[in-house]
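Right, one structure below, let's go through it.
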Amino acid sequence: MAPTLADPFNDSSALIDFVINQGNGVKGLSELGLKALPKQYIQPLEERMCMTNIVPQGSIPIIDMSNWEDPKVAKSICDAASEWGFFQIVNHDVPIEVLENVKDATYNFFKMPAEVKNKYSKEHSSSNNVRFGTSFTPQAEKALEWKDYLSLFYVSEEEASALWPSICREQVLDYMKKSEVVIKQLLQVLMKGLIVNEIDEAKESLLVGSMRTNLNYYPKCPNPELTVGVGRHSDVSTLTILLQDEIGGLFVRGNEGDDWIHVPPIKGSLVINVGDALQIMSNGRYRSVEHRVVANGSKNRISVPIFVNPRPADMIGPLPELVANGEKPIYKQVLYSDYVKHFFHKAHDGKKTVEFAEL
Ligand SMILES: COc1cc(/C=C/C(=O)SCCNC(=O)CCNC(=O)[C@H](O)C(C)(C)COP(=O)(O)OP(=O)(O)OC[C@H]2O[C@@H](n3cnc4c(N)ncnc43)[C@H](O)[C@@H]2OP(=O)(O)O)ccc1O
Ligand SMILES: O=C(O)CCC(=O)C(=O)O
Ligand SMILES: [Fe+2]
């Protein structure tokens, strides 16, 4: 039974039962119309976004991909990946309808009743490759995050047909497929910037061996200033391709102290960020940069990241071409699935995950 407004989840087991076990998520909490944020979501002061740390005129680079092979464009991509770790791309050839369709599909998935979505939860999903969840790692977190998600790890069209929710399957597959061209263009340019001129099969597997698409839903929140949508983290991917809607709320750490820069929504654009796997493979030349999402007091927000990753069974470390040139490796070789499990077993903790691979 849903608790009444007079009984706003003082008891944590009632909250966990409603949000996690029954699959209502934070969307269910938001729709109860609570007047105050349940205490389980109150983040420590240092994890809340403070307006004075936002750089008002700050902006990550915006790169036009129409002439991606032009050396000037290629240089701007490599510079953005090493200086900012984040940039937006426009004119990238992923059709706008594909982007609009996957956003609609995201809304349609989250609109379904809790008991239908809950079939894809960790406890009920027939596969680890399909997972509906909330927050990040609720069992390891001192304070929960105000986000629900569906995470889809791609194995094959057949597996997707059998296991992915039909309400969003085709739209997600199309978004992944149509994004492959720009993903390969970006990786070709980024490898060239490291003087790695040939992407053979082994390297392709390391760079784009697996893909995971998340559908993120951030419902409107009472007291958004007390919590986070997603806490400070860097992605564990090679590259992340992120589609966001028109609401905004993604912030990237700037180059000075505790500065945070907003990533403004630009219709038709995609946000690109370097993940830890590429930071490690490039021996630190390309940087995975901390980012976070704030909660919103008046609007629901969605985003759809594609995490482009090595395969779970790949060993990752600084690329041999870099080390052969006499460069000192700063990371060791690690099994990628060990790296990812390390990430998923703790709460978001900024840039700490990469210490797992440091020499
Ligand atoms: C969810 O909010 C997020 C997510 C992110 C994600 C950022 C990324 O960069 S995702 C890219 C991740 N990389 C891959 O998907 C690579 C390929 N996959 C793998 O290597 C494996 O699938 C695996 C992820 C390592 C899982 O291994 P396996 O041993 O087969 O499976 P489990 O035992 O189920 O998982 C281990 C551990 O991780 C938790 N977990 C697994 N998948 C997810 C998921 N999609 N979302 C959340 N948690 C996941 C799982 O619960 C297990 O924990 P236990 O406590 O149960 O042991 C960035 C920011 C976000 O807010
Ligand atoms: O929602 C966003 O804008 C970013 C989400 C994110 O950082 C992630 O899912 O890894
Ligand atoms: Fe992220």
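Values below: all heavy atoms of this structure, side chains included; hydrogens, waters and symmetry mates excluded. Just so you know, ligand 1 is whichever comes first in the structure, and atom 1 is the first atom listed for that ligand.
The heavy atom nearest to atom 7 (O) of ligand 2, considering only His348, His291, Glu290, Arg292, is found in His291. Between the choices His345, Glu145, Lys147, the shortest heavy-atom distance to atom 60 (C) of ligand 1 belongs to Lys147. The closest non-hydrogen atom to atom 45 (N) of ligand 1, taken over Gly209, Ser151, Gly275, comes from Ser151. Of the candidates Asn309, Thr353, Val230, Asn309 brings a heavy atom nearest to atom 13 (N) of ligand 1.
Of all protein heavy atoms, the one lying nearest to atom 36 (C) of ligand 1 is Lys341 CG, 3.8 Å. Protein heavy atom in closest approach to atom 21 (C) of ligand 1: Arg212 NH2, 4.4 Å. Atom 19 (C) of ligand 1 has as its closest protein heavy atom Pro312 CG, 3.7 Å. The protein atom (non-hydrogen) at minimum distance from atom 5 (C) of ligand 2 is Tyr218 OH, 3.4 Å. Of all protein heavy atoms, the one closest to atom 38 (O) of ligand 1 is Phe344 CB, 3.0 Å. Protein heavy atom in closest approach to atom 8 (C) of ligand 1: Phe307 CD2, 3.4 Å.
Contact between Ser237 and ligand 1 is present, with at least one heavy atom of the residue lying under 4.0 Å from the ligand. For the ligand labelled ligand 2, residue Asn214 lies outside the 4.0 Å heavy-atom shell. Using a non-hydrogen distance threshold of 4.0 Å, Arg311 does not register as a contact of ligand 1.
Within the 4.0 Å cut-off (strictly below), no protein heavy atom is located near atom 26 (C) of ligand 1.
Environment of NZ in Lys351: crowded, with over 12 heavy atoms of neighbouring residues, nucleotides or ligands closer than 6.0 Å.
Protein N/O/S atoms found under 2.8 Å from the Fe ion (ligand 3): His233 NE2, Asp235 OD1, His291 NE2.
Taking every non-hydrogen atom of Arg301 and a distance limit under 4.0 Å, the qualifying atoms of ligand 2 come out as 1 (O), 2 (C), 3 (O). Within the listing of ligand 2, atoms 6 (C), 7 (O), 8 (C), 10 (O) sit less than 4.0 angstrom from a heavy atom of His233. Ligand 2 places these atoms under 4.0 Å from at least one heavy atom of Ser303: 1 (O), 2 (C). Set against the non-hydrogen atoms of Asn216, the atoms of ligand 2 under 4.0 Å away are 5 (C), 9 (O). Contact atoms of ligand 2 toward Val293: 1 (O), 2 (C), 3 (O), 4 (C) (distance under 4.0 Å to a heavy atom of the residue). Close approach to Pro305 involves these atoms of ligand 2, each under 4.0 Å from a residue heavy atom: 9 (O).
Here the two rings, on Tyr218 and Phe110, have centers that are 6.0 Å apart or farther.
In terms of modelled atom types and a separation under 3.5 Å, the side chain of Asp245 and the main chain of Arg301 share no donor-acceptor contact. Using a distance-only test at 3.5 Å, with no hydrogens or angles considered, no donor-acceptor pair links the side chain of Ser288 to the main chain of Val274.
In terms of heavy atoms, Asn67 sits closest to Val73 at O-CG2, 3.3 Å.
Contacts between Asn214 and ligand 1 below 4.0 angstrom, taking non-hydrogen atoms only, involve the side chain exclusively.
A distance of 8.0 Å separates NE2 in His291 from CG in Leu242, rounded to the nearest 0.5 Å.
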